[in-house]
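All residue numbers in this chain count up from 1 along the given sequence.
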Amino acid sequence: MSILKLLQQAQNGQGLNQLAAQFGLDEDKANQLAGMLAPAIGSATKQRAERGGLGDVLGALKGENQASMFDDASAAVSAQGQQQGTAFLEKILGSREQAQGLAQEAATRVGAEPNIVEQFLPALAAMVQGGLQKQMPDDQIDGMMGQLGGGAQASGGGLMGMIGGLLGGKKSGADAQGGGFDLSALNNLLDADGDGSAMDDILGKFMR
C-alpha cells in the first residue's frame with residue numbers, strides 16, 4: 001500500500017476531502033495535489049533515510065498522539081498539526097524554504113493558489129505522519145532506534161549499507177543485516193508508488 005492509498009483510507013475515505021474543505025480547496029485540485037505530494041513525501045523520506053537520516057525519520061514517526069492527525073482533518077490543519085507537518089518536511093527536505101518551494105511548484109502544476117498550497121502541504125504531511133505512526137507503533141520504533149544507537153551498523157557494509165538494503169527493496173528485516181530489525185512495513189509504504197510522483201523529476205532541487 002502506498003502513502004497515497006493510505007491517505008485515501010483516512011477517515012473512512014473522506015480524509016482528503018475534509019482536508020480540502022478546511023482550506024476551501026476544490027476537491028479535484030486537492031486530489032491532484034495529494035497525488036503529486038504524497039508520493040513526493042514518501043520519496044523524500046526514503047532518500048533522507050538512505051542518506052543517513054534514518055534515525056531522524058524514525059524519530060519523526062514516534063508519538064502515538066500523532067495518529068489523531070490521520071483520524072481528524074481538523075487536527076492536521078490546527079496550529080499544532082501545521083507545526084508538526086512543517087517540522088517533518090524540514091527534516092526530510094532540509095529546510096522550510098525547500099518545503100515552500102515544493103508547495104509552490106505543485107500549486108503551479110495544478111493551478112492552485114500558492115499560499116493555500118503552502119498551508120495544505122504541512123497539513124498533508126502531518127496526516128502522513130499520523131498514518132505512518134499507526135502502521136509503526138512506538139514500541140516498534142523504539143526497538144529500531146535502540147538497535148541503531150547500539151551499533152547495528154557493525155556489519156553489512158556499515159549503516160549506509162544496511163539502510164540501502166532495507167530501503168532499496170532488495171532485503172528486509174533480519175536478512176538485511178544478519179539479525180537486525182525489520183523495516184519492511186516502512187519500506188513497503190515508501191516504495192509502493194511504483195513510478196512515483198509527477199514531482200519526482202524536480203524533487204532533487206528541493207532536497208538538501
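Heavy-atom contacts from other residues, nucleotides or ligands closer than 6.0 Å to CG of Asn12 number 12 or fewer.
Asn17 meets the side-chain contact (heavy atoms from CB on, under 4.5 Å) test with Gln14, Glu27, Asn31; sequence neighbours excluded. Thr86 meets the side-chain contact (heavy atoms from CB on, under 4.5 Å) test with Glu90, Arg96, Pro122; sequence neighbours excluded. The salt bridge (Lys or Arg N to Asp or Glu O under 4.0 Å) test applied to Asp71 returns Lys134, not counting sequence neighbours.
Atoms OG1 and CZ, from Thr45 and Phe88 in turn, are 4.0 Å apart once rounded to the nearest 0.5 Å. Going from atom CD of Gln82 over to atom CZ of Phe120 covers 11.0 Å, rounded to the nearest 0.5 Å. Once rounded to the nearest 0.5 Å, the distance linking CD of Gln47 with CG of Leu93 reads 9.5 Å.
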* After noting the C-alpha distance and the side-chain angles of Arg51 and Lys46, does the key distance pass the side chain to side chain contact (heavy atoms under 4.5 Å, CB included) rule? -> CA-CA 9 Å; Arg51 294 179 185 182; Lys46 180 178 176 181; over 6 Å; no
* To do: Might you work through the side chain to side chain donor-acceptor pair (under 3.5 Å) test for Gln104 and Glu118, ending with a clear yes or no?
  => CA-CA 7 Å; Gln104 290 168 5; Glu118 285 181 27; 2.8 Å; yes
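You'll find the side chain of Gln80 reaches within 4.5 Å of the side chain of Asn65, heavy atoms only. Between Lys91 and Val57, every side-chain heavy-atom pair lies at or beyond the 4.5 Å cut-off.
When every heavy atom of Ala103 is checked against every heavy atom of Leu121, the shortest pair comes out as CB-CD2, 3.9 Å. Between Lys29 and Val110, the shortest heavy-atom contact is CE-O, 3.4 Å. Residues Leu7 and Ala38 approach most closely at CD1-CB, 3.7 Å, considering heavy atoms.
Applying the side chain to side chain donor-acceptor pair (under 3.5 Å) test between Asp138 and each of Gln133, Gln66, Lys62 identifies Gln133 as the sole match.
Hydrophobic clustering, with ILVMFWY side chains joined whenever heavy atoms are under 4.5 angstrom apart, keeps Leu132 apart from Met69.
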